[in-house]
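Atom set for the values below is all heavy atoms of this structure, side chains included, hydrogens, waters and symmetry mates excluded.
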Amino acid sequence: MLFVDFVFLPFFATVFLVHWALRTNRARKVWLLAASYFFYGAWDWRFLSLIVFSTAVDYFVGCRLEHAVKRKRWLMLSLCANLGLLGTFKYFNFFVDSAVALLNTAGFDAHESTLRIVLPVGISFYTFQTLSYSIDVYRKKLAPTRSVLDLALFVAFFPQLVAGPIIRAVDFLPQLRTKTVFARTDVRAALVLFLVGFVKKACISDGIAHIPDAYFADPAHFDAVSAWIATLFYAVQIYCDFSGYSDMAIACAALLGYELCENFRHPYFAADITAFWRRWHISLSSWLRDYLYIPLGGNRGSRLFTYRNLMLTMLLGGLWHGAGWNFVIWGALHGAALGVHRAWQRSERSFPSAVRPFVRAVSPLATFLFVCFCWIFFRAESLGDAWIAVRGFCLFDGAGSARVGTLGPWFATGVVAALGVVHLASARHIVEPLWRRAPSWAFALGLAAAVAVVLPFVPLEAKPFIYFQF
Amino acid sequence: MRSLPIRPQPGAPTSIASAAGLTLVFVVGLVVCTAAVRGVLLRDPEVESDQTRRSLLLYRHFGPHKDEYDAVFVGSSRFYRGVDPEVFDAEVGRAGLEMRSFNFSMNGMRMPEIIARVDWMLAQKPAKLRWLIVELTTLDPAFREDNRGGQRMIAWHTPRATLDCLSVIGASTRTTAEKLAAARPHLVEFGYRFGNIGLGFEASSRWLGVAPVGPRLKHFDGYESEEEESQRKRGRRKRAGLDEQGEEEDERDDDEVREPADVAAPTFSVAGADDLPPAQERVLAAFVERVEAAGVELIVLRMPRTPRDLTARAARKRGLVPTLLAYDTRAAAPALWAAELYRDASHLNSRGAAAFSKRLAADFVTHVRAGE
């Protein structure tokens with residue numbers, strides 16, 4: 001069940017109405033947990049057992065961590081259980097395939113395993129959430145919850161269960177302790193945010209997906225302009241897909257009276273790569289910062305030590321996205337870029353003052369193009385395909401002569417530029433005062449008109465969210 | 001959280017009554033706005049076609065020429081492959097009846113879609129239309145999984161067609177779970193149609209001039225012979241640089257019979273020789289009434305080598321349909337059952353289509369003369 005699926009509407013309407021009709025906080029939480037398990041079970045009910053197992057382990061570990069003497073052992077149990085599940089279900093195939101390829105290269109006759117493990121939806125997201133609970137309890141930043149219901153709902157809360165934002169126990173568990181109040185719910189903002197997310201995902205991302213899909217299915221068939229069009233469109237597609245999902249998740253949670261963290265803050269307007277990572281998938285990048293980069297030592301050492309930590313963090317961040325060498329390279333590129341930017345910041349002070357405005361003006365575009373370049377590795381089906389696309393994108397050296405899609409390069413640029421303008425308008429909150437100040441009836445009519453205008457631009461074939469595979 | 005500050009809103013509904021009122025305003029607004037948007041998007045009716053060659057040609061030619069036809073054939077692939085309006089018109093003309101007919105049939109067109117297409121046709125108010133020759137089968141609302149979600153399926157899910165399907169499903173003897181499972185795709189398709197899903201891309205690509213032009217023919221009566229079809233496909237292969245055995249480049253061609261009516265047996269409301277399930281009877285009676293109210297005579301046709309389906313006979317017996325031309329028994333038309341007239345189990349080839357169209361014309365003339 002996707003947020004953009006037709007069936008999600010009656011599902012959410014039922015959840016919403018029953019949730020607010022129930023009187024006690026406990027009844028509401030039980031209802032939401034049942035709805036969340038149903039939501040997840042609609043994909044594959046068998047994998048519900050993993051969520052229940054993860055919840056049970058972390059509840060048990062949390063209780064033990066409060067009074068145990070050898071607390072590290074209990075933390076290790078949580079880490080092993082959660083990362084063990086993640087490793088088994090997400091990386092088993094990758095490591096077996098890599099080992100077989102390595103053995104074959106070395107002259108051994110190794111065969112691929114016949115055991116293929118299916119990736120449960122959202123496992124990377126809820127694993128990181130449960131880990132944040134255990135680690136925060138271990139660090140004594142959070143008191144372990146006595147309520148298994150609260151912890152289960154924190155892990156399985158359906159708006160963010162399968163693709164984030166990755167919420168922290170320290171932010172969400174306190175919300176579960178107090179009864180939600182409908183009068184405090186910002187229904188307007190939630191509805192507008194849901195519509196914005198819907199447009200991003202259903203209209204823009206799904207609407208342009210056929211262009212990068214066609215190109216990356218066989219890059220050798222297309223020319224260099226196609227490499228540019230496909231890469232730029234993929235940058236738009238993945239942003240609209242993921243941020244659209246996050247917007248809808250935040251909106252659904254808000255309509256139920258809960259607050260989720262912000263996940264995107266206009267990342268393509270970032271002035272540099274460090275700023276980009278403060279604006280892109282914020283819940284993941286802040287998780288990696290707090291639970292990986294800082295424990296590794298962060299920037300509390302020599303410059304080389306900091307670069308090493310940045311690289312390790314981004315390599316693991318890349319691997320988190322998917323079990324494949326292309327994701328490792330994508331992470332490595334971003335890790336290297338973060339290191340280079342750090343070095344650049346040190347030397348920038350010595351630049352002549354006349355050059356600095358120019359650097360400041362060029363920097364966002366350069367950052368955007370670098371991010372687009374990295375997306376090639378993220379999207380390509382194989383490293384060979386990525387190399388062909390990189391040659392087209394960087395050297396204007398197309399492997400083939402066909403042009404992707406029916407759009408000319410100027411038209412494609414126009415589409416991307418128009419999206420940029422809309423994005424900018426949204427960043428500056430230009431439209432917000434209109435719907436904030438309108439009378440209720442006008443808001444309802446305006447929303448109806450907006451929905452009626454948006455729906456025809458939903459393609460017939462809905463695509464799954466890109467981040468579901470992670 | 002910067003993008004969504006949760007705070008009480010001035011004017012936000014505080015009571016159930018005001019929340020219900022605002023929901024009603026939203027729903028009414030949505031109905032009005034989607035209808036208005038539909039009007040704008042469908043200024044070019046081709047937008048609603050599923051953009052396959054057959055569908056585009058039908059929309060393209062019926063629309064501008066609707067006032068030129070005296071008779072229209074509407075049915076499944078058996079009609080599409082079996083009725084040649086040129087032969088039919090010539091044969092009828094020889095008998096002294098000057099008329100022009102059009103074959104508005106499509107692969108896999110079943111009764112609910114036939115009814116919806118006829119309703120659409122009548123809504124265009126074709127000036128000369130006198131006869132509608134329709135392939136009547138069981139009103140089976142089941143359709144194949146791979147046909148779901150396409151613009152063609154969406155287009156015929158009008159409120160009336162959807163209600164017809166739901167009423168037949170509701171009156172069937174299936175379990176509640178099975179009924180819900182069968183009703184769901186119809187509700188989804190109706191929802192898609194209500195929201196004009198997918199029409200915006202097609203309309204805007206036409207406004208911007210980036211939509212593929214598609215087929216344009218000077219003369220089109222809805223029939224394409226086997227020879228014309230293979231010549232067209234050869235030409236397309238040649239243009240695509242493929243040899244005779246090569247794969248077709250253009251996949252947006254519905255010439256392949258994706259859903260011959262005999263693949264999936266009727267699953268709802270099967271008629272007996274003498275009885276018609278009440279839900280079907282209601283739908284059919286209303287349909288006939290609408291056709292007659294438009295001043296058009298309905299003639300029901302059963303093609304030769306059609307799988308056994310007693311709906312048409314039961315409807316005739318009950319007096320629901322005034323005229324039935326039935327060739328679906330070997331005894332009724334032995335010559336039309338000869339194997340050499342068929343391209344496959346139930347679709348006529350060019351020779352078969354010519355022979356059938358001549359026989360149909362003769363019977364049609366007899367029927368018209370009898371009426372005079």
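In this structure, the side chains of A:Leu447 and B:Phe26 come closer than 4.5 Å at one or more pairs of heavy atoms.
In this structure, the portion of B:Val37 lying under 4.5 Å from any heavy atom of chain A is its side chain and not its backbone. For B:Arg38, no part sits under 4.5 Å from any heavy atom of chain A, backbone or side chain. Only the side chain of A:Val7 comes within less than 4.5 Å of a heavy atom in chain B; its backbone stays farther off.
Considering only heavy-atom pairs separated by less than 4.5 Å from chain A, the leading option among B:Asn196, B:Leu199, B:Val31 is B:Asn196.
Taking a 6.0 Å sphere around CZ of A:Phe8, one finds it holds more than 12 heavy atoms contributed by other residues, nucleotides or ligands. Counted within 6.0 Å of CZ on B:Arg184, heavy atoms from surrounding residues, nucleotides or ligands total 12 or fewer; the atom is thus considered open.
Nearest heavy-atom pair across B:Cys33 and A:Ala449 is SG-CA, 3.7 Å.
With values rounded to the nearest 0.5 angstrom, B:Phe201 atom CZ is found 6.0 Å from A:Cys203 atom SG. To the nearest 0.5 Å, atoms CG (A:Leu445) and CG (B:Leu30) are separated by 10.5 Å. A:Phe457 contributes atom CZ, which lies 11.5 Å from atom CD1 of B:Ile197 (distance to the nearest 0.5 angstrom).
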